[in-house]
Protein chains: 2
Amino acid sequence: MSKDYLAARRKKLISLLKRRGAEAILITSETNVTYLTGFSGDSSFLLIGKGQTVLISDGRYTTQLEEECPDLDVHIRKATESMITAVQQVLKKSHLPKLGFESHIVTCELLDAMSGISPAAQWIPISGMVEELRMIKDASEIQEIREAVQQAQRGFEVFRAMLTPEMTELQGAHELEHAMRRFGARQAAFDPIVAVGERAALPHAMPTEKLLADSPFLLVDWGAMTQKGYRSDLTRMIVHGRPPAKLEKVYQTVLKAQRAAIKAIRPGVLCQDVDRVARAVIEKAGYGKQFTHSLGHGIGLDIHEGPRLGGNVATELKPGMIVTVEPGIYLPGWGGVRIEDDVLVTRNGHEVMTSVPKDYESASL
Amino acid sequence: MSKDYLAARRKKLISLLKRRGAEAILITSETNVTYLTGFSGDSSFLLIGKGQTVLISDGRYTTQLEEECPDLDVHIRKATESMITAVQQVLKKSHLPKLGFESHIVTCELLDAMSGISPAAQWIPISGMVEELRMIKDASEIQEIREAVQQAQRGFEVFRAMLTPEMTELQGAHELEHAMRRFGARQAAFDPIVAVGERAALPHAMPTEKLLADSPFLLVDWGAMTQKGYRSDLTRMIVHGRPPAKLEKVYQTVLKAQRAAIKAIRPGVLCQDVDRVARAVIEKAGYGKQFTHSLGHGIGLDIHEGPRLGGNVATELKPGMIVTVEPGIYLPGWGGVRIEDDVLVTRNGHEVMTSVPKDYESASL
């Protein structure tokens with residue numbers, strides 16, 4: 001990732017901090033440290049404020065830090081020095097009486113320990129500030145997510161070509177992850193869902209020993225994670241043999257809802273209104289109670305980030321947000337249908353980043 | 001997992017709680033909830049005290065909870081009800097003025113919210129109580145870890161048979177994980193390390209595009225995770241072509257240290273003394289400064305748990321503990337050697353659970 005993008009993120013954070021009365025913040029979320037520095041290791045904190053940025057890490061990462069963050073000050077703690085002692089050392093040099101901390105990440109035990117080491121400092125709880133920045137993707141992040149989409153889509157093609165009736169859900173899920181890795185993914189973005197027949201009625205089905213042959217349709221919800229940690233998230237149905245007539249009816253309803261919702265995406269629209277568009281289509285078809293979750297969520301370094309496309313979310317869509325659009329209809333004991341794409345909010349509207357065919361006919365093997 | 005084992009764990013926890021002046025504890029660590037209930041999902045809390053055990057979860061898990069925890073009281077929160085509100089509902093019914101919480105897990109933000117909902121209750125910080133129980137494995141856990149060892153070892157055999165000079169570290173790591181899944185693993189216990197030549201000098205090397213052909217030796221550190229979440233952890237060297245003479249010298253030193261340390265494992269011995277035994281062998285050979293980490297760690301539902309076999313750990317070994325024994329020698333720019341097995345502390349001594357050959361000759365392809 002270009003240093004310029006990283007520096008711009010840190011600059012934005014520092015300007016937000018001022019408004020909260022903090023001179024600096026100790027970033028303890030691994031993902032937020034990665035977002036602000038490009039460092040891909042773990043067990044490291046970042047002290048960041050005007051005029052100073054220090055990454056506190058340990059000896060395992062000395063070489064990696066030189067490669068990934070050549071322009072950052074780094075404090076490498078010794079094997080005998082705890083993280084708390086290392087934070088204390090860094091703070092001693094910095095003279096910051098008003099320090100923010102991530103109150104949604106820091107445990108009670110860690111705050112106690114930090115208060116103990118620097119009694120003069122005032123620790124200010126700050127929640128979700130970096131996550132708020134992360135909602136708007138910059139050009140380098142959009143590029144990473146395009147790569148994650150590509151890895152997921154090429155992996156899916158291979159997986160689809162490999163399917164046999166004797167395969168279990170678990171084997172299918174493993175083949176799919178392996179296929180995405182062949183195209184450069186570090187790993188799956190999350191444990192893939194391969195849900196045969198009635199198991200597709202569970203929105204978070206874990207793959208089992210059930211055979212693909214057990215039903216003429218299955219649901220696949222999958223995504224890839226790039227080497228740098230960015231993720232994609234898609235869902236498609238696969239139909240083989242002779243599906244029940246109801247499947248097409250349910251499928252077309254979900255597809256209509258998904259297309260209508262995507263069409264509604266543009267800057268200035270509220271998340272809850274996009275959710276409403278999809279829900280209205282499904283309610284009209286008589287399946288309102290069977291659409292049991294929100295319409296979608298942001299993706300990025302985490303598989304679920306802001307903004308959520310949900311019923312009570314008044315967040316305004318802005319250019320650079322990337323959200324999933326994934327309506328579903330779930331009929332316990334029978335099965336379910338979900339269709340999911342990743343959508344970038346652009347200056348004038350939106351761009352669908354994913355391109356696996358989704359009309360009903362193309363679901364057939 | 002048999003209900004009896006789970007009930008026994010909860011009973012032990014309740015007796016520990018009493019001594020700390022708490023009538024119940026709210027368990028918020030996902031892994032600790034799994035340990036105490038057998039539930040394998042996430043986003044769920046467990047309120048446990050004398051005379052009551054309530055699992056607080058959501059609608060996605062209704063079916064799974066019936067299957068996995070048929071004997072537990074379950075509170076399913078509605079889609080519109082936050083976790084905090086659900087906790088409040090459950091607490092209302094239970095009348096517990098003195099409640100423990102996991103202070104090493106609960107974030108400052110969550111504690112604030114919990115204090116707000118039940119102002120009458122006194123929240124008592126309790127750290128690492130379930131983790132302490134988890135250090136001693138019961139028979140069902142030992143069985144699970146045996147399965148994780150088996151999955152890792154069979155996967156390694158397949159992986160070893162597949163190696164070609166044109167393979168990259170990354171491809172190797174992916175093939176290894178895929179092979180373990182063929183033998184029933186849910187996933188790798190951690191991202192496998194496949195480190196060619198000089199990259200083996202990094203104890204936590206991330207796989208890269210480096211070719212296996214680039215050096216006559218490589219280090220592989222891997223393990224499997226069973227469907228129930230238990231893990232194994234091994235390291236072996238693989239030698240092909242003509243290795244430098246130094247490799248055998250370093251290898252034999254590490255192997256001697258590892259065997260001596262394993263021999264020292266029995267109930268009553270301190271963790272630091274086992275570490276000392278391995279370190280003494282390596283120091284005597286002149287590589288003391290190149291053995292840069294602790295000798296080993298416990299394994300179970302997490303890849304790193306207690307007890308740590310480290311220089312300043314005065315914990316006594318007890319029957320049922322399972323630890324890795326993994327001395328290493330790291331020579332920056334040249335490479336490194338580590339050999340790792342999983343060892344169960346038995347009533348009279350120990351049992352090495354892993355059985356991949358480790359004499360120098362068997363490292364050769």
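Distance CG/A:Leu111 to OG1/B:Thr107: 10.5 Å, rounded to 0.5 Å. Taking SG of A:Cys108 as the reference point, atom CD1 of B:Ile126 lies at 12.5 Å (rounded to 0.5 Å). Expressed to the nearest 0.5 Å, how far CD of B:Gln227 lies from CE of A:Met206 amounts to 6.5 Å. With values rounded to the nearest 0.5 angstrom, B:His293 atom NE2 is found 12.5 Å from A:Asp58 atom CG.
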Working for side chain to side chain contact (heavy atoms under 4.5 Å, CB included), residues A:Glu175 and B:His178: CA-CA 8 Å; A:Glu175 292 298 345; B:His178 196 53; 3.4 Å; yes
Test side chain to side chain contact (heavy atoms under 4.5 Å, CB included) applied to B:Glu177 and A:Gln187, step by step: CA-CA 10 Å; B:Glu177 175 153 4; A:Gln187 59 183 66; over 6 Å; no
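In this structure, chain A has no heavy atom under 4.5 Å from any part of B:Ala179. In this structure, chain B has no heavy atom under 4.5 Å from any part of A:Ala113. Only the side chain of B:Phe101 comes within less than 4.5 Å of a heavy atom of chain A; its backbone N, CA, C and O stay farther away. Both the backbone and the side chain of B:Arg181 come within contact range of chain A, each with at least one heavy atom under 4.5 Å from a heavy atom of that chain. Residue contact with chain B, scored on non-hydrogen atoms closer than 4.5 Å, is absent for A:Thr62. There is no contact between B:Asp112 and chain A, counting heavy-atom distances below 4.5 Å.
Side-chain contact check for A:Gln64 versus B:Leu202: every heavy-atom pair is 4.5 Å or farther apart.
The environment of CD in A:Glu132 is sparse: at most 12 heavy-atom neighbours from other residues, nucleotides or ligands sit within 6.0 Å. By the neighbour-count criterion of 12 heavy atoms within 6.0 Å, atom CD of B:Glu81 is densely surrounded, having more than that number from other residues, nucleotides or ligands.
The nearest pair of heavy atoms linking A:His174 to B:Arg186 is NE2-O, 3.6 Å.
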